[in-house]
Amino acid sequence: MPDTTTTHDWANDNLQSLQSHILAEEQTHPEATGDFSWILSAIALATKSIANKVRRARIDDVLGEFGETNTHGEAQQKLDLIANDIIKACLGARANIGVLVSEEDEEPMVLRTHAEGGRYAVLFDPLDGSSNIDFSVGVGTIFSILRLEDGHAAKGVDAILHHGARQVAAGYVLFGSSTVFVLTTGNGVNMFVLDQSIGAFVLVESKLQIPTQSRIYSINEANIDSFPDAYRSYLEWAHASNYTSRYIGSMVADVHRTLLKGGVFIYPPTESHPDGKLRLMYEANPMAMIIEEAGGRAIGNHGRILEVEPDSLHQRSVVVMGSPDEVGHVERFLNS
Ligand code: P6P
């Protein structure tokens with residue numbers, strides 16, 4: 001019989017794909033029904049397509065503004081709409097998804113009732129940081145998955161307005177120097193990179209742990225004059241404590257660096273955004289789940305982000321997330 005147990009060094013490609021990883025995870029949950037892999041494979045497919053559109057944006061002349069604003073009055077970039085359409089096409093075809101919520105659409109899309117198989121809601125920012133695309137700065141897709149109860153279609157938005165600790169999965173895909181898929185299903189954080197040569201996301205890190213401390217803060221200091229005093233006092237302390245500043249202006253890129261190198265990412269209250277700028281349901285919550293699953297902390301206007309009971313689908317949140325010690329330093333000033 002041929003020896004199939006040993007692999008030769010010529011077959012040393014990383015062949016641990018996102019797909020095989022999710023299926024292996026499902027094997028550890030006897031009650032799993034294959035639902036997750038079905039949804040996550042749709043997100044993987046959509047983000048591979050979006051990655052291609054982002055990389056070709058200048059070639060295909062789809063940079064810049066679409067010429068209309070989204071429901072929040074923000075100028076829509078052409079690629080915001082392209083990414084939104086791609087995700088809705090891929091996810092809409094998955095028979096176990098009941099509701100889709102996008103930053104680009106005011107109202108949720110109810111696809112199926114619970115009786116018709118609609119078991120999950122997927123909430124997403126299709127292309128966060130898209131205004132940076134014109135300069136080839138890293139942008140990303142952020143997603144959050146909630147389980148739907150029977151009768152969700154009748155309840156409408158109320159069926160989705162759950163605090164972030166109810167998320168069953170969360171992740172982001174960073175379209176940067178590489179295309180990175182970071183995912184948690186509540187059992188640690190795993191990182192995959194798109195291997196263009198085989199067209200698959202391959203596992204590169206399992207059970208990621210954020211550094212406990214790191215003297216890096218990430219905040220848009222141009223708004224410092226409108227920060228509450230506590231944030232200004234923290235920054236004075238950080239300047240005196242030899243911290244360095246890193247701010248890309250694209251949440252997915254800033255949070256990804258914070259996850260890997262440590263530090264703290266902050267979007268505080270400002271004059272133009274007194275409740276913070278970032279969206280609770282599909283930006284702060286999924287990122288908070290990832291950071292906490294990696295051993296970090298994530299707080300907002302009123303304590304832990306994942307415990308905030310949402311009032312509305314597109315509400316905003318203050319965000320202070322990252323290394324536990326670094327969030328602790330900010331918190332010390334917020335509590336003083
Ligand atoms: P500011 C991008 O527009 C975004 O929504 C996030 O990706 C980013 O963290 C934030 O806004 C940047 O906002 O006010 O610093 O330009």
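Counting starts at 1 for both ligands and their atoms, following the listed order.
- Between L260 and M191 there is a side-chain heavy-atom pair separated by less than 4.5 Å.
- With hydrogens and angles left out, the side-chain atoms of S102 and N84 include a donor and acceptor closer than 3.5 Å.
- No continuous path of hydrophobic side-chain contacts links L306 to M281 [ILVMFWY only; heavy atoms under 4.5 Å].
- Partner P286 forms a side-chain contact (heavy atoms from CB on, under 4.5 Å) with one of D125, L123, I142 and no other, that one being I142.
- Both L174 and V182 sit in one connected hydrophobic cluster of ILVMFWY residues. Membership requires side-chain heavy atoms under 4.5 Å apart, directly or through other members.
- Between Y231 and N223 there is no side-chain heavy-atom pair separated by less than 4.5 Å.
- Each of D128, G129, N220, Y247, G249, S250, M251, F265, Y267, K277, L278 has a non-hydrogen atom positioned under 4.0 Å from some atom of ligand 1.
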